[in-house]
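Quick note on labels: first sequence line is chain A, next is B, and so on, each numbered from 1.
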Amino acid sequence: MGDIVKIATRESYGNALAELGKVNPNVVVLDADLAGATKTSTFKKAFPDRHIDCGIAEANMTGIAAGLSTCGKIPFVSSFAMFAAGRNFEQVRNSIGYPHLNVKIGATHAGITVGEDGASHQCLEDIALMRTIPGMTVIVPSDDIEAKAAVFAAAETEGPFYMRFGRAAVPVINDNPDYKFEVGKAVVLKDGTDMVIFACGVCVAEALGAAEKLAADGINAAVVNIHTIKPIDKDTVLEFAKKTNRVFTVEEHSVIGGMGSAVCDVLAEEYPVKVTKIGVYDRFGKSGPAGALMKEFQLDAEGIYNQIKAKI
Amino acid sequence: MNNKELQITATKVRKGIVEAVHSAKSGHPGGSLSAADMFTFLYFEEMNIDPKNPKDPNRDRFVLSKGHTAPGLYSTLANRGFFPVEDLKTLRKLGSYLQGHPCMTETPGVDMSTGSLGQGVSAAVGMALAAKLNGDSYRVYALTGDGEIQEGQIWEAFMFAGAKGIDNLTVVIDNNGLQIDGKIDDVCSPYPIDKKLEAFNFNTICIDGHDFDQIRDAFAKAKECKGKPTAIIMKTTKGKGVSYMENQAGWHGKAPSDEEYEQAMKELDEQLAKYEAEV
Ligand SMILES: Cc1ncc(C[n+]2csc(CCOP(=O)(O)OP(=O)(O)O)c2C)c(N)n1
Ligand SMILES: [Mg+2]
């Protein structure tokens, strides 16, 4: 894997914001004492007057963003996923979701790849929380290219967005001329007939790796990147469920309420088929290096492969 | 312990902090070092605790509301005998009972799981309230950061404690003047901290957090005060004891390199030798 470029999607978030700032004067970025970690410092450098450090007060920051958006600004609210979605859930629900305001939440440091900070900072519940809010668009980009595209799409689309970014560097997998980002449209990365693996975020590259290992065993798995959890791409989910009749979902999130559950919601109603949700099984994370944790939680390519093999 | 012994112990606590963070290659030295004298006084002088019986129902409680400074708490607990000092090197490693942020189900001596800023004081209020409800005589201590008090929940807890006269609670605010993004008064000033707390019905004491006479005196006054919770606002130096870390926001959450580690340990060893020579 020597020459594969790796970039953390939080970097992509900061870089995209700095580019967006040039073309859209209404974009403002709010931060809660984490400018360096969330990479909003990149935007701050370019546009110091449009970067608002609210201090360690995430709930207040969320309310300020709601107010700014009612007056024509496009606020990007930034913090760790644990606080942006977790601590702020009710503020997001009532001050942003209910009035359907044009606020974009950029949540970094999601999932176990937070690493050494440990369970208190490893949010495994944010997709579940955010997708229950009516009108909220939920995006979990898989790499640098997708993350940047998501930021631009969020700015161009009216309404509340939740974007989930990671701390650890992930391989760039969408660097090809055919790639096109569209909110609500899944990306087919590998066709297949024996099973489909729906993945999102850091798990997309790992799912591709797992599919390679399965291929070596003669199993032809399709890999589909569900970057938009809400609104979910029903057509593509159904198409691949029908084509393969065996569904796996993989995410760096609790198996309760996340992308896998969103896929199950579609399939239970329209095409009941066997689904195995791979993710974090109703437990907290812990301290350790990101890579070692992905291995321990069986979310790296090898772990995903082993979990799938155990189920077929 | 007399002041000299406290200084020697606090320097050992500082060495443990540097050791742990260096070994973990991540973690938060700045705010651990600024509070090292306070941690030391609490666990070696002030609090009624027994390392051999960390769950004693009658023990005093401590809540590290600024949970990122876990290395400070862990080093103090280790030096006090709750677990081996040697284990500090496992900080933040896979499988270690020394998690990146305090976890009460993993670590002996940790009274509350923290890490999400702004929540610890509320838990401390709950512990103090339980003592009142049960007629118990233990006291409860909480340590917050000066950036942390930007969180609204902190003031909800202060308002409750002041309104209900929770006088078995002492909150220490580590006023090192820095948070991650820079100086607290540049980011979002919480000043004047003392006047705000007085208005919330606190017995408010301002001290130098590196002066053991003043620390001792403050806790004595806290115990004497009836009908009000006490807040000790201690002026400190972030990174205290390691020259290149002192007053540098950049050392909030960063581990020293091997070279920097050697220098830090050399400086702390020199301080230790000086204090020991003075005994
Ligand atoms: C709710 C919440 N928001 C953000 C963070 C990330 N964070 C960790 S430490 C810190 C700065 C704390 O500054 P301060 O309270 O002054 O601590 P000290 O200077 O004593 O280290 C921040 C923002 C967090 N842990 N919890
Ligand atoms: Mg501080």
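Interface remark: A/Ser120 contributes side-chain atoms only to the contact with chain B (heavy atom separation under 4.5 Å). Contacts between B/Gln153 and chain A at a heavy-atom distance below 4.5 Å involve the side chain alone, from C-beta outward. For A/Phe80, no part lies near chain B; criterion is any non-hydrogen pair under 4.5 Å. With a threshold of 4.5 angstrom between heavy atoms, B/Thr114 approaches chain A through N, CA, C or O but not through any side-chain atom. Of the atoms belonging to A/Glu58, heavy atoms from both backbone and side chain fall under 4.5 Å from chain B. Only the side chain of B/His28 comes within contact range of chain A, with at least one heavy atom under 4.5 Å from a heavy atom of that chain. Proximity to chain B (any heavy atom under 4.5 Å) is shown, for A/Ala35, by both the backbone and the side chain.
When each of A/Met82, A/His121, A/Lys44 is scored by its heavy-atom pairs under 4.5 Å with chain B, the top score falls to A/His121. Per-residue heavy-atom pair counts under 4.5 Å with chain B were compared for A/Cys54, A/Pro289, A/Gly55, A/Gly118, and the maximum is reached by A/Gly55. Looking only at heavy-atom pairs under 4.5 Å with chain A, the residue among B/Glu151, B/His68, B/Gln179 that has the most is B/Glu151.
Minimum interatomic distance between B/Gly100 and A/Ser287 (heavy atoms only, all atoms of both residues): N-OG, 2.7 Å.
Using a 4.5 Å heavy-atom threshold, the side chains of B/Ser116 and A/Arg87 count as touching. Under the 4.5 Å side-chain criterion, counting only non-hydrogen atoms from C-beta, B/Lys25 is not in contact with A/Glu116.
A 6.0 Å sphere centred on NZ of B/Lys164 holds no more than 12 heavy atoms belonging to other residues, nucleotides or ligands. Within 6.0 Å of atom NZ in B/Lys235, more than 12 heavy atoms from other residues, nucleotides or ligands are found, so the atom counts as buried in its surroundings. Counted within 6.0 Å of OH on A/Tyr281, heavy atoms from surrounding residues, nucleotides or ligands total more than 12; the atom is thus considered enclosed. More than 12 heavy atoms of other residues, nucleotides or ligands shown are found within 6.0 angstrom of OH on B/Tyr191.
Counting only distance, with no hydrogens or angles, the side chain of B/Gln150 and the backbone of A/Ala57 share no donor-acceptor pair below 3.5 Å. The backbone N or O of B/Gly152 sits nowhere less than 3.5 Å from a side-chain atom of A/Asn60 that would complete a donor-acceptor pair. No donor-acceptor pair under 3.5 Å is formed between the side chain of B/His101 and the backbone N or O of A/Ala119.
Interatomic distance, CD of B/Glu148 versus CG of A/Asp33, reported as 11.5 Å (0.5 Å rounding).
In summary, of the residues considered (A/Asp53, A/Leu34, A/Ile56), a side-chain contact (heavy atoms from CB on, under 4.5 Å) with B/Ile180 occurs for A/Leu34 alone.
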